[in-house]
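In what follows, a single structure is set out as structure tokens and then discussed.
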Amino acid sequence: MILDILKKYFAIFPGKKNINGSNSDREGADDLNLLRNLIDRANDSIEVLDPETGRFLYVNERGCRDLGYRREELLKLTIFDVDPSVDPSLLTQMTEEVSAKDSKIWEGIHLRKDGSTFPVEVNIKMAAISRKYLIAVARNITARKQDAEALKRSEQKYRDIFNYAPVGIYQSTLEGRFLTVNDQLVRILGYDSVDELLQKNMAGDIYFNPGEREFFITHYDPNVPVHNMEVRWKRKDGTPFWIELSSHAVKDSQNHVLFFEDFVRDITLRRQAEDETKKERKLLRTLIDHLPYPIYFKDREARKIIANLADVENIGCANEAEALGKTDIELFEGEIGHRGYADDQKVLESGLPILNREEVFSDKNTGLQRWLLTSKIPLFDETGKTNGLVGIGRDITYRKKAEEQIQKLTKSVEQSPSSIIITDVSGSIEYVNPKFLEITGYNKEDIVGKNPRILKSGKMSDEVYRQLWETIVSGNTWKGELVNRKKNGELYWEWVTVTSIKDEAGQITNFIAIKEDISARKQMEAELIKAKEKAEESDRLKSAFLANMSHEILTPLNSIIGFSELLQDNDFDDQQKKEFLSHVIDNGNSLLSIVSDIMDISKIESRQIELRKTPVSVNQFLSRLIERSEFLPEKKDLRIRIDINSEDCIIITDKERLNQVFNNLISNAVKFTDQGYIQIGYRNEGDIVTFYVKDTGIGIPEEFHEIIFERFRQIETEKNRKYGGNGLGLAIAGSLVEMMGGKIWLDSSPGKGSVFYFSIPCNPVTDDNLQDRKS
Ligand code: ADP
């Protein structure tokens, strides 16, 4: 029955006619099976309904599956149970109004047994066999619905993108007419509305340079999917600006361009930033190039990627290009290159900088040695890995040379044989060299910070110091001799040069004194002067002596000759001749004495005198001495006294020479004493005996006490002249005392008489001098 209905239903479908047209039973049965199969396997749910009640009369397998019921269950239900959207009136309407040719299609909802729903498209048709039936074909349109939904969503998305994208989007024809434009493009171009912009032509109104659009169209390569370019457009007000354009063509199946769909980004700011960056880079580059320091950048492999002018010059390349891409090994010969490269590696590997490394190398152009103070600083990429380094060098050749110079100067100052003091402008000592310390005996700590007046001896006049100071503060050099005082108080002479040190502005910053110890020279000078004076003096004395001698010798000689001649004259009687003879003898003796004094002096000078030492009893010696009458001329009112110890003193000495000393002293005493007494005596003082000869004569002023012992010295006063003498007596006495190992001195003042003392060693009797005695 149902099959009949279905047969009826499907008969309306073209291509199913053969099924309908078969009459044979077998064929009919086959057809039926075929039909059932077909219906059961159909992809749609096929339902036969009672139009009056809406009950299911038949549901194919697909229908059962879709609704989740077994067929028997479904056959107990109505269409309203599974499709609430079906209006019962529809069924009535269908039954009444719709012919078999008409079908009604709507979209409804089917309710599954488990309560879930799914959308369906229902095609309902009326079939009338014995009665009317409704045949509904319900297609599950879940997937279609979903697709439609997805499409809708995707369309919405596209619309959203189109409208809200931060880029301008438009479609345009080959001729440059806008098809669509989005709001962003309107904004970018400065128009008021989409409609306003749609009226514009691309070539004339949008491109700043219309030729560019033409060029793009004529050179358009359809094989390139997207064309990216940066061009200049103009805004509504005519101002040009840069945009980035991504253009792709939408084509038909023949690959003809239908229209362009383009994306536009305003890159004015980026271009500006780029321009700024370029400008900045150029500025930086100019700066780097013109800095006097070599500056370079190297990549991860330590190859040069930037080298400024100073660096290029430093390497000795003709230009930067020659240096780029090379490592230090390729740029510098030998050890220098290897060391530089090793340093680069170290910085790149460790990520730590090398700072202020002194490098020495020879200048490629001049061949001269140069020093560079180099710092290498690592550069890092975003991940923190070293990807290169920057190097900055400073040519310190000048500084090095200056340092060397300073070192040399310092050494020469330190090792200078002159002592050197450096003070500040106020005169406070900042530096002294070792020679200064050696000479003065001060320590550095004693002297630094002090004023050089610490050395003042007080022997120089204040005027000298005033002049010195005046000269140096006016920027001039003072030179002169100063007597200074050492730490131990000793005085020393210096030849001093003091000058000022000035800064570049000509301001005095320091004073420097260079001093030479001239004490030795000064002493030598003094000695020379003394020697010269002495020579002159002795010259003078010798002249005086000769004059004296001529007088002393000529006088007795003349007397001798004169009286001798008189002796030949017979006019004189014997008495007279006797007198003449005594004059001849006296003058002869006087002559003898002078000659013997001169002989003694010359013997002493030529050290021809030898002492013949014997034990001498002092008491006895002195007693005999005063017994000699020749000392006391009768005309004088003089007494001679002796002062001896009760206990005798025996000394070992040359008696003859002792006698000679006494002779000279006593004869002087007698000569220069007119009245009073002369006393001789001695004191035994342990190892030495001090003898004295005292007189009550004219005395000797103190200033003559030393010089009267010099040869040919006589006190040149009127008073003294009358006494005569040759000025040799004391010189001989002094020399003889000295030879005997003693010394001579006196105590005298004018009018009070004189005491001449001389002391000689006792030389007590020993085996040695006993030997002397025997010989
Ligand atoms: P002269 O032969 O002139 O005495 P001397 O060398 O013995 O030479 O003495 C040098 C000088 O010293 C004397 O000329 C004299 O002026 C002074 N003189 C020496 N002895 C005495 C004395 N006892 N009293 C005063 N003057 C003396």
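One-based numbering, in listed order, for ligands and for the atoms of each. Hydrogens, waters and symmetry mates play no part in the numbers below; they use all other heavy atoms, side chains included.
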Need the ligand 1 atom indices (1-based, order shown) with element for anything under 4.0 Å from a heavy-atom of [X].
X      : value
Ile715 : 16 (O)
Leu728 : 6 (O), 8 (O)
Ser754 : 24 (N)
Lys671 : 1 (P), 2 (O), 4 (O)
Ala669 : 23 (N)

Any heavy atom of Leu665 under 4.0 Å from ligand 1? The part involved is neither

Judging by distance only, is a nitrogen or oxygen of [X] under 3.5 angstrom from one on ligand 1?
X      : result
Gly729 : yes
Ile698 : no
Ala731 : no

Less than 4.5 Å apart, side chain to side chain, heavy atoms only: is that true for Asn684 and Cys762? yes

Are the side chains of Ile514 and Trp495 in touch, meaning some heavy atoms are under 4.5 Å apart? no

Quick one: does Asp674's side chain have a donor or acceptor within less than 3.5 Å of a partner on Leu638's backbone? no

Any carboxylate oxygen within less than 4.0 angstrom of a Lys/Arg side-chain nitrogen, looking at Glu404 and Lys400? no

Run the salt-bridge test on Lys752 and Asp747 with the 4.0 Å N-O cut-off and return the result as yes or no. no

Judged by non-hydrogen atoms, does Asn664 sit under 4.0 Å from ligand 1? no

I want to confirm something. Looking only at heavy atoms, which of Phe704, Phe672, Phe709 is nearest to atom 27 (C) of ligand 1? Phe672

Out of Ile666, Asp597, Asn668, Ile732, who gets a non-hydrogen atom closest to atom 7 (O) of ligand 1? Asn668

Parallel, tilted or perpendicular: which describes the rings of Phe436 and Tyr442, with under 30° parallel and over 60° perpendicular? parallel

Going by atom types only, do Ser754 and Ser748 share a side-chain donor-acceptor pair under 3.5 Å? yes

CG of Leu622 to CG of Leu658: how many Å apart, nearest 0.5 Å? 7.5 Å

